[in-house]
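These notes are about the structure you will find just below.
Residue numbering restarts at 1 for every chain, and letters A, B, ... go by the order of the sequence lines. Note that the structure is a prediction, hence the values are computed from the model and not measured.
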Protein chains: 2
Amino acid sequence: MFVRITTEVSPRPNSLKDLGMTSESNPIVSLNEFTYKKGTEIYGEKEPADYVYQVRSGAVRSYKLLSDGRRQIGAFHLAGDIFGLENGKEHRFTAEAIVDTTVRLIKWQSLELVAESDAMVARNLLSMTTSNLQHAEDHMLLLGRKTSLERVAAFLLEMDKRLSGVDVMALPMSRRDIADYLGLTLETVSRAISHLHDLGVLGFIGNTQRQIVLLDRQQLASLDLQN
Amino acid sequence: MFVRITTEVSPRPNSLKDLGMTSESNPIVSLNEFTYKKGTEIYGEKEPADYVYQVRSGAVRSYKLLSDGRRQIGAFHLAGDIFGLENGKEHRFTAEAIVDTTVRLIKWQSLELVAESDAMVARNLLSMTTSNLQHAEDHMLLLGRKTSLERVAAFLLEMDKRLSGVDVMALPMSRRDIADYLGLTLETVSRAISHLHDLGVLGFIGNTQRQIVLLDRQQLASLDLQN
DNA sequence: CGGGTCATTGACAGCACTCAAAGAGCGTGG
DNA sequence: CCACGCTCTTTGAGTGCTGTCAATGACCCG
């Protein structure tokens, strides 16, 4: 069986409705769209955070750099995800399009204004920030205490959950991106994936190494020690 | 010169006023106090988060455990700090008193209620969560990409900023706690501190290794690569 | 004074990193 | 259509930073 899947991910159910910010309910809010080419910067660290973004299609990486070039990716943003929510100050990450990516833009100012009077919007802003916090907390455990195999297993399970529900994962990001997300080198990531392939936990589909099918999620979960 | 300093830290200016939750302004809010002995659990991971806490005196560690016992401390909470703010669901960390610690308790339910009508309280809840998120994001960079020496330098600078403004740091936590915060072993932490001592960056005061004086903050900062 | 906890230091091991080479995939243009 | 260059991935060999194991020393408290 040969399945051909592009790096484009189908939109997920969640949306700006999560913020209570549909154009219908709040006509003030402008919902412009913009497309970024593969590899281009959407915003830089310490730039003023005038906009909040939602991925319509494509994928985005958010990262910090040390002065000597070491990079830590804090999160990947896939179709449907909202990112760049920095509570009105400045961006704490640099955001780049991993592949050609279309985003929707929301003015932070308008969000803030609505949150002032609408308690539900305020609650949703808080719960979205809390989700980001929870992800970061889990990721600290991974970065501080997990082995390379556990990290890669955890990554594959996370992507399996977040990418399309179908059985083939089309990863938009490179091995280097994965490595910088997991606090490893790209060689170590590649070796771990090869090892999982040898174990029969996953297989490759088509003619690229970016399309992975998980053959044994249970074994994969057992390789990622849970907290 | 011999200076004697206890592990008790003087209260910092910030308080529950940061949440707009003084007893004067909101008499609904109950502000009970409770004292935990050194090493005792304040709450466990996945327990319902009925209360929010503020450290009056002492110190607290928040951590996650893997099933085989590996531990990742996500944060230390010192005098004045608010912790256990989980957005009303369940706690995502276990919290333990590092030394004998007195906390103030606030019912989450009452906070939530007030936030519903008072936009300022809601804003403060959000900005407090954002602070926690920012700390976690910076810590991901440390855990994923910094060397052991950089981590220890960063830790000392963080504690220098957060503990008393005076020139002697009385660290309440053990080397093991520091190691589990920095994603290292206690031996590596000890070696790094010894190395910094050899470099003349820090000195020990009194008869314990928990009291550290920073002799050259600039050099210390240069050892922790900035982002 | 004695037992327990905590910190330091040394010797050695191992997991992940570095450096390097080869293979695979992809786009472009002749 | 294939050749070519470029990027990305895989794999190997060797190194090194941090972890492991162990012993000693310092401190605390009853």
Interatomic distance, [X] [atom1] vs [N] [atom2] [rounded to whole Å]:
X	N	atom1	atom2	answer
B:I212	C:dC6	CD1	C1'	14 Å
B:D180	D:dG19	CG	P	11 Å
B:I205	D:dC27	CD1	P	14 Å
B:E187	C:dG10	CD	P	14 Å
B:I193	C:dC6	CD1	C1'	13 Å
A:R175	D:dT9	CZ	C1'	7 Å

Task: A:R191 (side chain) and D:dG12 (base): donor-acceptor pair under 3.5 Å - done: yes

Touch check for [X], heavy atoms < 4.0 angstrom, all strands: base, sugar-phosphate only, or nothing?
X	value
B:L186	base
A:S190	base
A:G39	nothing

Task: Audit row: B:F83, B:Y53, ring pair (Phe, Tyr, Trp, His ring centres under 6.0 Å) steps and yes/no - done: CA-CA 5 Å; B:F83 66 99; B:Y53 302 79; 5.3 Å; yes

TODO: Hey, which sits more toward the 5' end of DNA chain C by its nearest nucleotide, A:S148 or B:R176?
DONE: B:R176

- [ ] Taking the side chain as every heavy atom from C-beta outward, state whether B:N87 and A:S127 have any pair of such atoms under 4.5 Å apart.
- [x] yes

- [ ] For residues B:M159 and B:L171, determine if any side-chain heavy atom of one lies less than 4.5 Å from a side-chain heavy atom of the other.
- [x] yes

Task: Minimal non-hydrogen separation, B:E150 against B:R145, with atom names - done: OE1-O, 4.4 Å

